[in-house]
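These notes are about the structure you will find just below.
Here, residue 1 is the first one in the sequence, and each next residue gets the next number.
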Amino acid sequence: MTSFDLNSINAALTDSGVPENGVDFSGKSLKLDTEKDAQPIVDAINACKHLHYLALTGNTLGVAAAEAISKALKGHPELKIARFSDMFTGRMKTEIPPALSALGEGMITAGAHLTVLELSDNAFGPIGVEGLTKLLQSDVCSQLEELRLNNNGLGITGGRLLANALAAKPRKLRVFIAGRNRLENEGASALAQVFKDMGTLEEIAMPQNGIYHVGVSALSKAFEHNPNLSCLNLNDNTIGVKGAAAIAAAMPKLKNLKSINFGDCLLKSKGAKTLAAAFKDNSILLESLDMSHNEIGHSACMELVDAVTALPDAVERLARVSLSGNNFGSVDNKRIMKEKLGPSAEFSDGECSDGEPSEGDGDDAYDSGADDSNSEDSTDSADSEDSKPEDVQHQGPVVVDITSEIEEQFEGLADMGTEVQIFLETPTMENLKALGPRAADLIEAHIKEKRDQTEMFTALVEATFCVSGLSEGSSLAMEVAQKLYKRLLVRVRDGSPTPWLIANAMLRGLGLIKSENKDYRIRWNTAGCYSALAKAFITLDFPPVIRDTIRLFISSQLQQLPDNKLVMRYPQLYEYHNLTEDQQMTDMVKLQLKFGGGAELLFDKIKKRELELPALKKYFPDCQREKWNIRYLLVWIKDNLLRERPELFLQGDSVRPGILVLINDADWELYGELEYELQDDDVIMFISTLHGG
């Protein structure tokens, strides 16, 4: 009896015999402003009988050109793939929404049904999503399988708008890519609800979005409703211990996971062990795992290796396991792990602790997540794993046994206690340099040997001041001081020590209160400490009880401080409303700074700041003016807020071309530009009008 292959017959009946083809202008760097500029693309579209794909990546598209292309698209209902990434370089923000709307209108009119929509590397922000909303809600996207929105600057607002657009009609995506978008907890949570309703996702990539455990927990619940999920990338978000627990709870529903990227997620040993147990208990058949730079100790690393190699086929199945940037303890431990993993092991040099200390053990993890909560749109402190509500901060000592965690983190570090002790007793640049590139690691490892927690954290504050005191003349000292501040705040957010203990130790170290210990002496330069603290107040998220207490004491003693003139240069260190009338000057001004359109990337990604500028002559003693103006404000911004590449923001004594300046929502040209005299409650906004790709 003759047999029939029904699948082959079905394929033959449905195959039109026409191979997929289309138009590809990607990478040509064309500047398409007008209808005439777009004519070659229009001609190619019109000449293509079966337009299955259109790729315009790497060109720059204006509104008129987009409208011309839209007209050509109206005759092609067969379009399936639209690759429109990196398509608005150099365009003003106001051009992008109408250009996107025009392209969408063409596809809607044609009755096309896309399966792939690629819009990555277009930093159009929330307004770009507004231009896409009609398209995403239309039947054009009813069969959409892949949506790629990597590096679009969506922010929380854009994330919510995107979630609303996708939720309007049921979508069955397989692939969702949205890295580098600052979605944060709110944006991630909004999208999580959409993911839950989809139930069809196979790949989710949301790296570098400032998501903390609240957002990760919401996403984890959504993952449970997508059992076919095979690829998950949350790299460089702050998953933390709580987020790891939420993901582990979802693991029984995720039997198809093949690839996980949780690098730079501040998992620490506890989070890593939680995930290792989930991998092992649920027999997850991973092929690729990235857990690099997570402050994981050697025993937790070993548990991860044991978990992913538990099944007999592990060596053949695993393609890549990266644990770089964690602490393996000893060379023997590292060798054992490599033997178990086989060729898939990816360990960079420097994670072992035998012999001399090596660079790269832990700093990356500290640097990757501690600052995110400074963003304008970040989650409230009560909702964040990284801060405690103020009522908790005012309670008595919280008993948390973190000794084992600290011990594991620094297990096997070479014994350089003598060198560290020499530096702490005599804090000079020569002694700091003697500690090498891992000075912060060595100092913390030395201090953790103190068994009394109050003594331990008091010593950590004093060590931070020892380094900070050298920071006025040394970028190295400033860098190490900021690392120590970050690590101190991580401990505070974890519940031990209490903020009051740290505030008290800092006040004593700055000479703002007297120590009850008669033998206590300040052995560091307090001027450098104020400079380092001023930077830390801007770049790090201090619990309010610490920040406000220090500012109150500085304010009340401002005129008597030996470092008075220096401190007055840093208004973030004191409160004007706490000063006496004699201490205040009439030309102090309170205002709000805003940064948008990508300009915020130059300012630690913080979009809004409330400022109390000191008296102008306090900051610029030789100035002939009495009042602040925009010209002097720009100098202050450069000195206090601009973190890198000032040439992207300033040109001479003004802003560079392409930076729009608004004063109370009006163009600064109406106010005299640089000479505008600042008034209380002014809102000064700097917007980058050029898209940087």
Side-chain angles (χ1 to χ4, degrees), residues 22-46 51 53-76 79-112 114 116-138 140-141 144 147-155 157-158 161-162 165-166 178 181 596-598 658 660 687-693:
V23 171
D24 188 351
F25 274 76
S26 59
K28 295 187 180 294
S29 300
L30 301 176
K31 186 177 182 182
L32 307 171
D33 295 324
T34 66
E35 182 177 351
K36 183 178 179 181
D37 295 334
Q39 197 59 48
I41 297 175
V42 171
D43 291 343
I45 292 173
N46 290 334
L51 185 74
Y53 62 84
L54 175 62
L56 300 178
T57 297
N59 301 290
T60 176
L61 196 64
V63 177
E67 290 173 345
I69 294 171
S70 174
K71 291 178 183 177
L73 289 176
K74 290 179 180 179
H76 290 280
L79 182 65
K80 298 292 183 185
I81 299 172
R83 300 199 182 277
F84 296 159
S85 59
D86 191 17
M87 205 170 64
F88 297 107
T89 300
R91 295 293 169 184
M92 295 183 66
K93 296 284 183 171
T94 52
E95 293 182 88
I96 299 174
L100 288 171
S101 295
L103 292 172
E105 198 62 45
M107 291 183 279
I108 292 171
T109 302
L114 293 179
V116 177
L117 179 57
E118 165 71 85
L119 287 159
S120 297
D121 299 317
N122 292 306
F124 44 57
I127 62 171
V129 182
E130 293 174 5
L132 285 172
T133 295
K134 185 177 179 180
L135 174 64
L136 292 173
Q137 293 179 343
S138 72
V140 173
C141 293
L144 194 64
L147 180 59
R148 299 177 180 270
L149 292 164
N150 199 62
N151 191 29
N152 293 113
L154 300 180
T157 301
L161 290 172
L162 178 61
L166 292 174
N181 273 301
L660 174 66
I687 305 173
S688 175
T689 60
L690 291 180
H691 178 270

**Request:** Go through I108 and K134 one step at a time and tell me if the side-chain contact (heavy atoms from CB on, under 4.5 Å) criterion holds.
**Result:** CA-CA 9 Å; I108 292 171; K134 185 177 179 180; 3.9 Å; yes
**Message:** Please evaluate residues L119 and L100 with respect to the criterion side-chain contact (heavy atoms from CB on, under 4.5 Å), reporting the C-alpha separation (whole Å), side-chain torsions for both, the decisive distance (0.1 Å), and the verdict.
**Reply:** CA-CA 10 Å; L119 287 159; L100 288 171; 4.0 Å; yes
**Request:** Output, in order, the C-alpha distance, side-chain angles, deciding distance and verdict of side-chain contact (heavy atoms from CB on, under 4.5 Å) for L54 and I81.
**Result:** CA-CA 6 Å; L54 175 62; I81 299 172; over 6 Å; no
**Derivation of the side-chain contact (heavy atoms from CB on, under 4.5 Å) call for M87 and L103** = CA-CA 12 Å; M87 205 170 64; L103 292 172; 3.7 Å; yes
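When atom types are taken as modelled, the side chain of S101 and the backbone of G131 share a donor-acceptor pair closer than 3.5 angstrom. Formation of a donor-acceptor pair under 3.5 Å by the N152 side chain with backbone atoms of N122 is found in this model. Side-chain atoms of N151 do not come within 3.5 Å of backbone N or O of S120 as any donor-acceptor pair. For H76 (side chain) and A110 (main-chain N/O), no donor-acceptor pair under 3.5 Å exists by modelled atom type. Between the side chain of S138 and the backbone N or O of L135, at least one donor-acceptor pair lies under 3.5 Å.
Between V42 and A72, the shortest heavy-atom distance links the atoms CG1-CB, 4.0 Å. Across every non-hydrogen atom of G62 and E95, the tightest pair is CA-OE1, 4.2 Å. Considering every non-hydrogen atom in both A64 and T34, the closest pair reads CB-CA, 4.0 Å. Taking every heavy atom of both residues into account, P40 and D37 meet most closely at CD-O, 3.4 Å.
In this structure, the side chains of M107 and L114 come closer than 4.5 Å at one or more pairs of heavy atoms. Side chains of L132 and L162 form no contact here, defined as non-hydrogen atoms less than 4.5 Å apart.
Between D121 atom CG and F88 atom CZ the span is 12.5 Å, to the nearest 0.5 Å. Within the model, atoms CG of L117 and CZ of F84 stand 7.5 Å from one another, a figure rounded to the nearest 0.5 Å. Put simply, CG on N46 and CG on L73 are 9.5 Å apart, with the number rounded to the nearest 0.5 Å. The structure places CG of L154 at 11.5 Å from CD1 of I127, a figure rounded to the nearest 0.5 Å. Note that CG of L30 is 6.0 Å distant from CD1 of I41, once rounded to the nearest 0.5 Å.
Every residue two or more places apart in sequence or in another chain was checked for a salt bridge (charged side-chain N to carboxylate O under 4.0 Å, His left out) with K74, and none qualifies. In terms of the salt bridge (charged side-chain N to carboxylate O under 4.0 Å, His left out) criterion, R83 has no residue partners (sequence neighbours excluded). For T133, the side-chain contact (heavy atoms from CB on, under 4.5 Å) partners at least two apart in sequence or on another chain are V129, Q137, A165. With sequence neighbours excluded, the residues forming a side-chain contact (heavy atoms from CB on, under 4.5 Å) with A65 are L32, A38, L61, listed by chain and number. Every residue was checked against the salt bridge (charged side-chain N to carboxylate O under 4.0 Å, His left out) condition with E130, not counting sequence neighbours, and none meets it.
More than 12 heavy-atom neighbours from other residues, nucleotides or ligands sit within 6.0 angstrom of CD on Q39.
For residues 59-73, the pairs satisfying side chain to side chain donor-acceptor pair (under 3.5 Å) are T60-R91, with sequence neighbours left out.
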